[in-house]
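Just so it is clear, the structure is predicted and the values come from calculations on it, not from any experiment. We count ligands from 1, going down the list as the structure has it; atoms in each ligand are counted the same way. Values below: every heavy atom of this structure, side chains too, minus hydrogens, waters and symmetry copies.
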Amino acid sequence: MKILITGGAGFIGSHLCDRLINEGHNIICVDNLGSGNINNIKHLLKSKKFTFIRHNIIEQLRLIEGRIHQIYHLASRASPRDYQEYPVETALANSIGTDRMLKLALAKNAKLLFTSTSEAYGEPKEHPQNEAYFGNVNPVGIRSCYDESKRFGEALLMAYHREYGVDVKIVRIFNTYGPRMRKDDGRVIPNFITQCLTHKPITIYGEGLQTRSFCYISDMVEGLVKMMNSSEIGPKNLGNPNEMTIIELAKLIKKLTKSRSKFTYNQLPKDDPTKRQPDISKARKLLGWEPTVGLEEGLKRTIIWFKKNGF
Ligand code: UDP
């Protein structure tokens, strides 16, 4: 198949490119290299089956000839530090960018999968979060450029589906980690790993009692592919339900890196969700998917990658 991946040079996108190239597909990777990195796809650039287009999906994409069978629309900044620095670009990538991709899907009769987010649940009043929960999002808060544009993206997919019959798929991605995360993207796992490897203070925000549930990258990619190739439409949570506090995470990374780092406590960022855990019963039942890589194993692989690739 010919498959277009927006955000294909990013953390998740580049692993998805690898997976689909290995399966023999032709890949068109579209990325403006805003938060993505050419090094993530360097090894694919020589392949005849791989085309890279450096492009910001907010702008009109040049004509792509022939059929496109599937579109994975991942392009968006995804780390809170990044999207708060580029709020307009983030809001537009998930709104105008999604509209452009939906128009392309309509023209090419392609399936389109949109990567929404656990942030769609905001500061959740239900725990764990299942797909039927509508969420509790601050529409004007500092995270709204991301949360609300992802929510709008979901709504736009459903609109194209209902009005034009476009074959759409929505997934809500929970915290994901692994090799190729940017060490400076501000997210908790790259921060803690680089701090521990350099024996610098581990920056705990707030008291570190907020929780997250971390999914290893290979499990996430498997979930994306299973969803794309299913007959499902509506949102499916993809994530690992293994919930833990940020303090517990810090202790584990400190142990695995044998670090001498000490904890330092910083202010909790505004609108930082206090808890987050996916209910993945739907993905289990309807996609036959569940994570297989435990946190300790996934962190070990990620730490090795950070050591090899500079930290
Ligand atoms: N966090 C932290 N120290 C850091 C970076 C993040 O304590 O150096 C906390 C952050 O406040 C949040 C959690 O870790 O509660 C996850 O943050 P991240 O930015 O990775 O992603 P989020 O889940 O908030 O999108």
Margin query: A side-chain contact here means heavy atoms from C-beta on lying under 4.5 Å apart; do Asp279 and Gln129 qualify?
Written below: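 No; the side chains remain at least 4.5 Å from each other.
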Next item on the list: State, yes or no, whether a side-chain contact exists between Leu45 and Phe50 at a heavy-atom distance under 4.5 Å.
Entry: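 They are in contact (side-chain heavy atoms under 4.5 Å apart), so the answer is yes.
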Item checked: Positive for side-chain hydrogen bond (donor to acceptor under 3.5 Å, both in side chains) with Arg276, one of Glu119, Gln210, Glu123 ->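 Of the listed options, the one satisfying the test is Glu119.
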Item checked: side-chain hydrogen bond (donor to acceptor under 3.5 Å, both in side chains) partner of Tyr121, the single match among Arg172, His127, Glu131 ->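 Filter result, single survivor: Arg172.
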May I have the N/O to N/O pairs between ligand 1 and the protein that fall below 3.5 Å, each with atom names and distance to one decimal?
residue: ligand 1; atom: 3 (N); partner: Thr203; partner atom: O; Å: 2.6
residue: ligand 1; atom: 7 (O); partner: Tyr205; partner atom: N; Å: 2.9
residue: ligand 1; atom: 8 (O); partner: Asn191; partner atom: ND2; Å: 2.8
residue: ligand 1; atom: 8 (O); partner: Thr203; partner atom: O; Å: 3.2
residue: ligand 1; atom: 8 (O); partner: Thr203; partner atom: OG1; Å: 2.8
residue: ligand 1; atom: 8 (O); partner: Tyr205; partner atom: OH; Å: 3.4
residue: ligand 1; atom: 11 (O); partner: Gln210; partner atom: NE2; Å: 3.4
residue: ligand 1; atom: 11 (O); partner: Asp272; partner atom: OD2; Å: 2.6
residue: ligand 1; atom: 15 (O); partner: Gln210; partner atom: NE2; Å: 3.1
residue: ligand 1; atom: 15 (O); partner: Arg212; partner atom: NH2; Å: 3.3
residue: ligand 1; atom: 15 (O); partner: Asp272; partner atom: OD1; Å: 2.6
residue: ligand 1; atom: 15 (O); partner: Asp272; partner atom: OD2; Å: 3.4
residue: ligand 1; atom: 20 (O); partner: Val188; partner atom: N; Å: 2.8
residue: ligand 1; atom: 23 (O); partner: Asn175; partner atom: ND2; Å: 2.8
residue: ligand 1; atom: 23 (O); partner: Arg212; partner atom: NE; Å: 2.6
residue: ligand 1; atom: 23 (O); partner: Arg276; partner atom: NH1; Å: 2.8
residue: ligand 1; atom: 24 (O); partner: Arg143; partner atom: NH2; Å: 2.9
residue: ligand 1; atom: 24 (O); partner: Arg212; partner atom: NH2; Å: 3.2
residue: ligand 1; atom: 25 (O); partner: Glu119; partner atom: OE2; Å: 3.3
residue: ligand 1; atom: 25 (O); partner: Arg143; partner atom: NH2; Å: 3.2

Checklist line | Neighbour count above 12 (heavy atom, 6.0 Å) for Arg62 CZ | finding: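 Open.
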Check: Hey, is NZ on Lys226 packed in by over 12 heavy atoms from elsewhere, all under 6.0 Å?
Finding: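 Yes - once you tally the heavy atoms of other residues, nucleotides and ligands closer than 6.0 Å, there are more than 12.
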